[in-house]
Structure formats: structure tokens, C-alpha cells
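One structure is given below, encoded as C-alpha cells.
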Amino acid sequence: MKITAIETQVCHARMRNWIFIKIVTDQPGLWGWGEATLEWHTRAVVGAVEDISQLLIGEDPRRIEYLWQMMYRQHFWHGNGIVRGTAISGIDIALWDILGKIHGVPCHELWGGRVRDYIRLYCHLGGGKMEDFYETRPDDAARFGELAQRAVEDGFTAFKSMAVPETMPLEGLKPIRYAEACVKAMRDAVGEDIDIMVDCHARPSPLMGLQFAKALEPYGLYFFEEPCWPETMEDIARIQRAVKTPIASGERLVGVSAFREMLEKRAVSVIQPDITHCGGLSEVRRIAALAEAYRVAVAPHNPQGPVSTAASIELGFATPSYAICESVHNDVPWREEVVSEGFTVEKKGRIVKPNHRPGLGIEINEDAVKKHPFQQEVLQRTFYKDGSVGDW
């Protein structure tokens, strides 16, 4: 059995271009789907997949760890950068899809079988609609409350918001009060039985991130995400030690070594590896095993396309420390036209029941993908009020 081709198929989905990877074998009807979506770097990732594929053509797709080591260690540059790491991740996901199909079982059965009966989904405010999630003004607390109520009406018991404004390295009380007002509006709208997450997008400085974390602590957040840059791991740890709120981070980290530092420093209570960036299903399973040793929860970053979601769900069914699955459902109105999914979602509670199809349990509609060819992603830039460059 040999790999005969590794194809990339790009599908424009407004905020991002989904990069689907199809690995074709010499066995009729046997192929696997992966995803390597990386916003604003689409052409770079497609090129990286083409560069790496020369290592794999003609190889046996069943030797997943061997092929992962080749992709990571060959060509001199290790695969711990975001572009090469993303390309490796997409290929690795597709290889696991193939292996599940060969054995006729879902991927989670390859990893020891189910450890749970269902997985809970959480959504973004607006269901992934860019304008609602990223562009709701931080001084419009009422709008945050309305969107929170809508998420509950859609069946979700947990949701994430961007209630922390873009903030200069040092500011006064105004942005803190904005964030407090937004979170209070959401909590008042949905009550205490619904879990609320706040994502800072690593916008604040460590000092401002600490102030936001302390100000929002009374509202009982499920977790507080990326309070400052992941490059300052000691500062994330300092914030976690200062508050009871679980701190989450990790979506920008690639490889198990980066997560080792985060866990050794006790920087977070929740790690958020992105399966399409961190090294694929092979590497995220090593990361999750390390987190288990520290009794830290795993909640993968997953705002991308449907293959990424299927991979996250398969991981969750076989991973004890997995807590909750991030999902988007309203980013584009035609999302369901692109994919056929093996898992089922109960609207009440947004509960996912296991996939019973082999591999990831999904199939991509290639004709539907062709209807949405590559377009440059929506430009996002941030400048502070004095004209200096900020973090989006």
C-alpha cells in the first residue's frame, strides 16, 4: 500500500480559507481527509504541503509515526514553526483518517476506545459570525447580553466571548470597566447554570491581563483565555496564581516541547492545542498525555473548518483530560454543504454523540469546495488611539 498523491483544496470561508488535504493511495477508493487552515498564511501552507509531500509519496500510509518523524525531522528545519507545523498537522490528520478506514473503525477506537459517552460543544457569540464575535463594541454591553441569550436559545450550555477590548500596555480603569460591564450583562442574561468563557486574544500586556483577570473573577468564568502573550509564560503563570478563575492558553504553541514548559510552570488550568497547528493528532495525543500527568484539562482550539472539528471530536472521545469542544456553526451559511459528518449533535445542550463511521467519519464534497475558491482573507489590523500598532 502506497501514497500516490497529496492534494490541497482551498475553500474560502470569509474569515479564513479552509485548507483541506486529501491523501490518495494506490488502493481504489481509499483516501484520507485532513485540514491545515492557517489564517492569512494560506498560500504559505499550501506551498509547505507541496514541499513536504515529496518525503511521503510512495510510502506506506499506515506507518503514521514513521511518517510524522520524517515530516518533522527531515529537510533540516524541524516542524516546530507555525507554517511547517500546520502543514504537518493536516497531513497527519489525513493519515489517521486513512488508518481508521483500513481497519473499519472510527479513529477513537484506534486509541483505546471511548472514555465518555458524549462531548459538550461550546460556541462563539454569534455562532462564528465574524461581525458578532470580533466586532461587537466593548462598550455595548447590552449587545453582549443579547448574543449570550441567543446562544442559550440555540441550545448551548457554554459560549465564548471577546469581552476584553484592545488595550495599550498601560491604561486606566476604562477598559476594565468595559469588560466588567460586558461580562455582567452576559451573566445577568443567562444565569449561573451557563458557562461563560472570555478570550483576550493575548491583547493585554501582562499587567493589564492581570487586572482584567481580577476584575472578572467574581463572575465565575469557565475559563479566561490568553490573558497575555504566550511568549511570556512566567506572566501567564503569575496571573493564574493570582486568581481562582481557570486560565487557558496554548493555541499558538506548536509541539509537545512548548506545552512542556507551560505545564512545568503551572501556567494554566486548561491547555488549548490546535490540532491543525500543533503537529496533528499524533502530537496532540502526546500533549494530552502530558497534560494528564499534571491533571490539566484539554480544550482544543477549533474555530476552523469541519475536518478540524471532526478531528477534535475523535480526540475527545479517547482522551480522559478532554473537557469541551470549541465549535462554530454560523460562520458561513453553506457550511453543511461542504461536509458529511458521522457524529450527531443533539440541539438541546449541543451534545455530540459518537461517530460510528470509519476514520474521522467525514467526507468532503469536492464540488461544493470548488464553488468557494481562494480569496484573500478579510484584513484585520489594530492600531491604538495614538496610532501605534496593537494586537488584534
Side-chain angles (χ1 to χ4, degrees), residues 13-16 39-40 121-152 154 156 158-168 171 174-190 194-205 208-213 215-217 219-230 236 239 245-252 270 272 274 299-304 324 326-331 377-385 390-392:
R14 293 196 72 216
M15 184 72 190
R16 48 185 58 85
E39 303 90 331
W40 303 293
L121 299 179
Y122 77 85
C123 70
H124 295 180
L125 287 191
K129 184 180 178 184
M130 181 182 68
E131 291 81 1
D132 287 339
F133 189 63
Y134 292 104
E135 298 178 10
T136 297
R137 297 195 327 272
D139 59 346
D140 189 0
R143 179 65 172 156
F144 277 87
E146 292 167 3
L147 290 169
Q149 185 59 48
R150 188 184 303 170
V152 175
D154 283 344
F156 289 95
F159 60 83
K160 184 158 73 180
S161 66
M162 290 275 285
V164 169
E166 297 157 342
T167 310
M168 295 182 72
E171 292 202 26
K174 186 176 181 179
I176 305 295
R177 295 295 180 250
Y178 275 170
E180 284 181 310
C182 295
V183 175
K184 182 179 186 302
M186 291 187 289
R187 181 59 76 201
D188 289 346
V190 303
I194 301 297
D195 290 320
I196 299 174
M197 289 150 269
V198 171
D199 185 358
C200 296
H201 244 217
R203 291 168 167 175
S205 65
M208 294 303 296
L210 176 59
Q211 291 190 56
F212 281 119
L216 300 181
E217 187 173 16
Y219 297 99
L221 299 179
Y222 188 71
F223 60 67
F224 189 59
E225 181 175 337
E226 282 204 306
C228 60
W229 287 3
I236 299 177
I239 293 170
T245 306
I247 301 299
S249 188
E251 69 185 62
R252 307 183 203 215
V270 184
Q272 298 176 292
D274 190 310
H301 179 247
N302 176 52
Q304 284 92 228
I324 195 166
E326 180 175 10
S327 68
V328 293
H329 59 290
N330 286 332
D331 51 351
E377 296 90 339
V378 177
L379 184 63
Q380 296 288 343
R381 296 191 299 180
T382 293
F383 300 96
Y384 298 134
K385 55 190 175 185
D391 287 289
W392 175 75

Donor-acceptor contact below 3.5 Å, side chain [X] vs main chain [Y]:
| X | Y | value |
| --- | --- | --- |
| Y178 | V164 | no |
| R187 | I194 | yes |
| E39 | R16 | no |

For residues [X] and [Y], report the shortest heavy-atom separation together with the two atoms involved.
| X | Y | answer |
| --- | --- | --- |
| A185 | A141 | CB-O, 3.2 Å |
| A213 | I239 | CB-CG2, 3.8 Å |
| M168 | E171 | N-OE2, 2.8 Å |
| F212 | P175 | CE2-O, 3.4 Å |
| Q149 | V190 | N-CG1, 4.1 Å |
| R252 | A202 | NH2-CB, 3.4 Å |

- side-chain contact (heavy atoms from CB on, under 4.5 Å) partners of T245, counting only residues at least two apart: E217, L221, F224, V243

- Apply side-chain contact (heavy atoms from CB on, under 4.5 Å) to S161 and list each qualifying residue two or more places apart in sequence or on a separate chain. L125, F144, A163, M186, V198

What distance do [X] atom [atom1] and [Y] atom [atom2] have between them, rounded to the nearest 0.5 Å?
| X | Y | atom1 | atom2 | result |
| --- | --- | --- | --- | --- |
| I236 | W229 | CD1 | CH2 | 12.0 Å |
| I196 | Y222 | CD1 | OH | 13.5 Å |
| L147 | C123 | CG | SG | 9.5 Å |
| C228 | R203 | SG | CZ | 14.5 Å |
| K160 | H124 | NZ | NE2 | 4.5 Å |
| N302 | I324 | CG | CD1 | 12.0 Å |

- Query: Are side-chain heavy atoms of V328 and Q304 found at a separation under 4.5 Å?
  - Reply: no

- Query: Can you find a pair of side-chain heavy atoms, one from E326 and one from Y122, that are under 4.5 Å apart?
  - Reply: yes

- Show the numbers, then the answer: is there a side-chain contact (heavy atoms from CB on, under 4.5 Å) between W392 and E166? CA-CA 7 Å; W392 175 75; E166 297 157 342; 4.1 Å; yes

- Please work out whether the ring planes of F156 and H329 are parallel, tilted or perpendicular, with thresholds of 30° and 60°. tilted

- Considering the options E226, E225, H301, which one meets the side-chain hydrogen bond (donor to acceptor under 3.5 Å, both in side chains) requirement together with Q272? E225

